[in-house]
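I have placed the structure first, in the form of structure tokens, so that the comments after it can refer back to it.
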Amino acid sequence: MDINFTFSDTITGYVTNFNLKERWFTVVTSDEKKFKIHLTDNSYARFVRNLGEPYQDATGKMNHLLALQRQMVFAYGTFYPGESKCGENPEKNNDCDSKPIFEAQQLIFPGEGPGNYRFEEPDWWINQIDSIAHSYLEWQFNHPTEEIDYRKYRTILQLSGEKKGDYLQETDTISRLVFGFASAYLLTGKEEFLEAAEKGTQYLRDHMRFYDQDENIVYWYHGVKVEGEKETKLLTSEFGDDYDALPMYEQIYALAGPTQTMRITGDRKIMSDIDRTLDLFEKYYKDVDGEGYFSHIDPITLDPRAESLGHNKARKNWNSVGDHAPAYLINLYLATGKKEHAEFLEYTFDTITRFFPDYLNSPFVQEKFFEDWSKDQSWGWQQNRAVAGHNLKIAWNLLRMQSLTPKDEYLDFARKIAEVMPEVGCDRQRGGWYDVVDRVYKPDGKHHQYAWHDRKAWWQQEQAILAYLILHGVLKDNEYQKYAREVTAFYNAFFLDNDDGAVYFNTLANGMPYLLGNERLKGSHSMSGYHSMELCFLAAVYTNLLVKREPLNLYFKPYPNAFEDNKLRVSPDILPKGSVYIQECFIDDKPYTDFNAGELIVNLPKTDKQVKVRVKISPKAWLD
């Protein structure tokens, strides 16, 4: 192919050689491709910086850093046509070849020196979640100037946080934002975050919850349309794929924020809602004659096989089975330690492990199913396509479950995903992970083609980061550490919006922000501070406790006698048994010693007031 045009792109790799006199350096990419990159008089460099930090120039250190073997670097620049070399038939385009020259305009260093990465600093993710949470407090509630009032909440937020022309309050997006605020409190102990989480949870209970007294179940409205003082409740989904149905993923994510808040406070009203929503799942979504959970039920009859459901009739999918664990169920187990919650988790992971692998036909899992678990490869937008992030999400959560209920099939499946996914879902030249791709090759194809585009979504980077972080943290495999560092570097280099706050929805393949349509927004049906703050919380847990072996402070604020037997469970996640312990505990800033260090349980004092608990969780030194 004769490349006789210019184009801009990004090359990401590790420095292998540097020629100061001729102003070029070479890198090897994640997949061992070699590139020669030329510098110009205008080339400049910067370090990755966190939200809330000023610009950090690295131009003055550029030559020094490029002289270091294995220094990781992102190079954004322009390919220029090189000298063409043609065969016997130069009139035929495919009989010519050229070697383009790449000139870098911008270099980004994720750290100063090989093996040094700023995002592995112990407070990196804590500072990031603090910044994101404060951005959403300001955008949604004009806090701290005004009180936190969820009547002001809007689903749609513009790039810089403004509200415009939308008065729909979606249950799921409020719940996801509440999850983010609760997670921010867990890491920082800042009262404004807990206030936002509790007020959001109460708003959901008051406006979005339906309690069926006859059945003693709770289910959640899709949302509320607010017009002045008028409030119109919307029971069924407003979205095309799920229109006029009760999709299970909406019920699942309605629990995300309240459950994370309940971990902090033990609020029994929240626990009651969770229990009654779980009863809804068992009574109406579960396939009692088969296995798993249906994806949709009819809003009137609560029947998953109703003809009114159309293409969602008697269907099962990733969301209806797999989303329980990360959205609320693991956090519910962490708060209660109850056997039935552990068994529910085991049931979902057994189902995933049994039905989702499809490696004789595709390197990606199968995500859509008919009632009998035969493949549905003609449904809506998905057809026979894969969502890269869902594969990674399975690996991440299997490793969590492996620490609770170890099974060979969990570990084998997680490893399989981790080993096959980089070749088919990761951009190993530029960095980052793709979105939706074909599960199988086209005839005579050599790549899993993109369904719509080669852009990269923030939430799919989150899944990759958490998957490879916990894989490395638990299994100590250096290849997993490499993938974790590469995607984390890409995310922090390109997704952080250092101008307006929080993170971008999508980037182009080369890492530049994509700011058109819904992907321009900071609040939408898809984005509400959930994935970005979930990432901060769990990346802090995995990086500090499993990878870097640093302590981590967590904060709780239980109500009097809220937790069963007055026992506060403070494990940050499901981690390998015995890997971490409570090093010290403070209640209302005073040292407190009544705790079980190994079991990660604080025996709360008998009191008639809410107390603030800070625990320092530390890794066991003997593990390494």
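If you read the sequence from its start, that first residue is 1, and numbering goes on from there.
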Without hydrogens or angle criteria, can the side chains of [X] and [Y] be said to hold a donor-acceptor pair below 3.5 Å?
X      : Y      : answer
His134 : Glu192 : yes
Ser532 : Glu462 : no
Asn216 : Tyr211 : yes
Asp298 : Thr301 : yes
Trp379 : Asn312 : yes
Asp372 : Ser374 : yes
His143 : Glu138 : no
Asp323 : Tyr249 : no
Asn518 : Ser524 : no
Asp573 : Tyr542 : yes
Arg400 : Asn397 : yes

Lys225 atom NZ, neighbour heavy-atom count above 12 within 6.0 Å:
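Atom NZ in Lys225 is not packed in, count stays at 12 or less.
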
Measure centre to centre between the rings of [X] and [Y], then say whether the value is under 6.0 Å.
X      : Y      : answer
His453 : Tyr514 : no
Tyr293 : His324 : yes
Phe355 : Phe369 : no

May I ask you to say whether Arg455 pairs ionically with Glu519, meaning some side-chain N is under 4.0 Å from a carboxylate O?
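Salt bridge flag = yes for Glu519 with Arg455.
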
Assess whether a salt bridge exists between Lys199 and Glu147, defined as any Lys/Arg side-chain N lying under 4.0 Å from an Asp/Glu carboxylate O.
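Salt bridge present between Lys199 and Glu147.
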
Drop me the distance from [X]'s [atom1] to [Y]'s [atom2], to the nearest 0.5 angstrom.
X      : Y      : atom1 : atom2 : answer
His531 : Leu466 : NE2   : CG    : 10.5 Å
Trp220 : Leu235 : CH2   : CG    : 13.5 Å
Lys269 : Ile274 : NZ    : CD1   : 12.5 Å
Ser362 : Gln366 : OG    : CD    : 8.5 Å
Gln402 : Leu399 : CD    : CG    : 7.0 Å

Check Tyr253, Trp458, Trp459 against Tyr530 for a ring-ring contact (aromatic ring centres under 6.0 Å, His included) and give me the one that passes.
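Output: one option passes, namely Tyr253.
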
Pick out which of Leu345, Leu278, Leu255, Asp275 makes a side chain to side chain contact (heavy atoms under 4.5 Å, CB included) with Leu332.
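Passing option: Leu278.
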
Out of Val503, Leu535, Val487, which residue meets the side chain to side chain contact (heavy atoms under 4.5 Å, CB included) rule with Gln461?
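Testing Gln461 for a side chain to side chain contact (heavy atoms under 4.5 Å, CB included) against Val503, Leu535, Val487 leaves exactly one candidate, Val487.
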
To check you understand the geometry: which heavy-atom pair defines the closest contact between [X] and [Y], and what is its length?
X      : Y      : result
Tyr359 : Val365 : OH-CG1, 4.3 Å
Asn317 : Ser295 : ND2-CB, 3.3 Å
Pro304 : Leu309 : O-CD1, 3.3 Å

Go through the steps for His222 and Phe239 under the test ring pair (Phe, Tyr, Trp, His ring centres under 6.0 Å), then give the verdict.
CA-CA 10 Å; His222 168 76; Phe239 301 106; 5.2 Å; yes

With Tyr150 via side chain to side chain donor-acceptor pair (under 3.5 Å) - residues at least two apart
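Per chain and number, Tyr150 pairs via side chain to side chain donor-acceptor pair (under 3.5 Å) with no residue.
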
For Tyr136, all residues meeting side chain to side chain donor-acceptor pair (under 3.5 Å), sequence neighbours excluded
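With sequence neighbours excluded, Tyr136 shows a side chain to side chain donor-acceptor pair (under 3.5 Å) to no residue whatsoever.
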
Please state whether the rings of Tyr221 and Phe210 are parallel, tilted or perpendicular, taking 30° and 60° as the class boundaries.
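Plane angle over 60°, so perpendicular.
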
Parallel under 30°, tilted from 30 to 60°, perpendicular over 60°: which one fits the rings of Phe364 and His448?
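Plane angle over 60°, so perpendicular.
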
Does any N or O in the side chain of Asp244 come within less than 3.5 Å of the main-chain N or O of Ser237, such that one atom is a donor and the other an acceptor?
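Not at all, since once roles are kept as given, no pair shorter than 3.5 Å links the two residues.
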
